[in-house]
Participant: 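Have a look at the structure that comes next, please.
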Amino acid sequence: MLLGIKIEYYVVCFIGTIVLYSKLLTENQKVLRILIHFNRDWEGNTVVNIADAILFCLLGAFVGTWLCQPTNLAQSISAGLGWTGAINVTTSSYNKNGKGA
């Protein structure tokens, strides 16, 4: 158990996060890029893209599971999908000036 939540809920939430993150990438939709904020020169680097996806999914699994406090696997995968969807909608609704679309 981690923070009073079963480890398998984190794993299933991680899987849910990966599923939606991958779907968004294959549809050429923008996703939150964490590592690019540290160094813009990394954009387009395959290793950084993979590390960014893994970091986002790990963070998503932790935050999604912690916020939703799932009690079964269905709630856990929903937390992963919900986390990714919520972050995608939040970040894609802002343009470069930081103003809503």
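What you see below is based on every heavy atom in this structure, not just the backbone, and it leaves out hydrogens, waters and symmetry mates.
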Participant: Could you tell me which non-hydrogen atom of Thr71 sits nearest to which non-hydrogen atom of Gln75, and how far apart they are?
Facilitator: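 Distance-wise, the nearest heavy atoms are N-OE1, 2.7 Å.
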
Participant: To the nearest 0.5 Å, what is the distance between CD1 (Ile87) and CG (Leu59)?
Facilitator: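 The CD1 atom of Ile87 sits 8.0 Å away from the CG atom of Leu59.
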
Participant: If hydrophobic clusters are built from ILVMFWY residues whose side chains come within less than 4.5 Å, do Leu58 and Trp66 share one?
Facilitator: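 No; tracing contacts between hydrophobic side chains, which count when under 4.5 Å, never links both residues.
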
Participant: What do the steps show when you test Phe56 against Trp83 for side-chain contact (heavy atoms from CB on, under 4.5 Å), and what is the final call?
Facilitator: CA-CA 10 Å; Phe56 178 87; Trp83 154 262; 3.6 Å; yes

Participant: When you group the ILVMFWY residues by side-chain heavy-atom contacts below 4.5 Å and let the links chain together, are Phe14 and Leu24 in the same group?
Facilitator: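 They do not share one cluster, since no chain of ILVMFWY contacts under 4.5 Å joins Leu24 to Phe14.
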
Participant: About how many Å separate CD1 of Ile77 and CG of Leu20, when rounded to the nearest 0.5 Å?
Facilitator: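 The distance works out to 10.5 Å.
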
Participant: Kindly compute the distance separating OG1 (Thr65) from OH (Tyr10), expressed to the nearest 0.5 Å.
Facilitator: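 That separation rounds to 6.0 Å.
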
Participant: Can you name the one residue among Thr17, Ile18, Val11 that meets side-chain contact (heavy atoms from CB on, under 4.5 Å) with Ile15?
Facilitator: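 Looking at Thr17, Ile18, Val11, the match for Ile15 under the side-chain contact (heavy atoms from CB on, under 4.5 Å) is Val11.
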
Participant: If hydrophobic clusters are built from ILVMFWY residues whose side chains come within less than 4.5 Å, do Val48 and Leu55 share one?
Facilitator: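 Yes, one cluster joins them.
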
Participant: Check Cys13 against Gly60 and note the closest heavy-atom contact, atom names and distance.
Facilitator: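 Scanning both residues completely, I find the closest heavy atoms to be SG-O, 4.0 Å.
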
Participant: Taking all non-hydrogen atoms of both residues, which atom of Pro70 and which atom of Ser76 are closest, and how far apart?
Facilitator: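 Looking at all heavy atoms of both residues, the shortest contact is CB-N, 3.6 Å.
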
Participant: Under 4.5 Å between side-chain heavy atoms, hopping through other hydrophobics if needed: is there a path connecting Tyr21 to Leu81?
Facilitator: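 Shared cluster, yes.
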
Participant: Can you run down the salt bridge (charged side-chain N to carboxylate O under 4.0 Å, His left out) pairs that involve residues 62-72, sequence neighbours left out, and say none if there aren't any?
Facilitator: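 The answer is none; no pair qualifies.
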
Participant: Could you name each residue pair satisfying side chain to side chain donor-acceptor pair (under 3.5 Å) that touches residues 46-63, not counting sequence neighbours?
Facilitator: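 Found Arg33-Asn49, Arg33-Asp52.
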
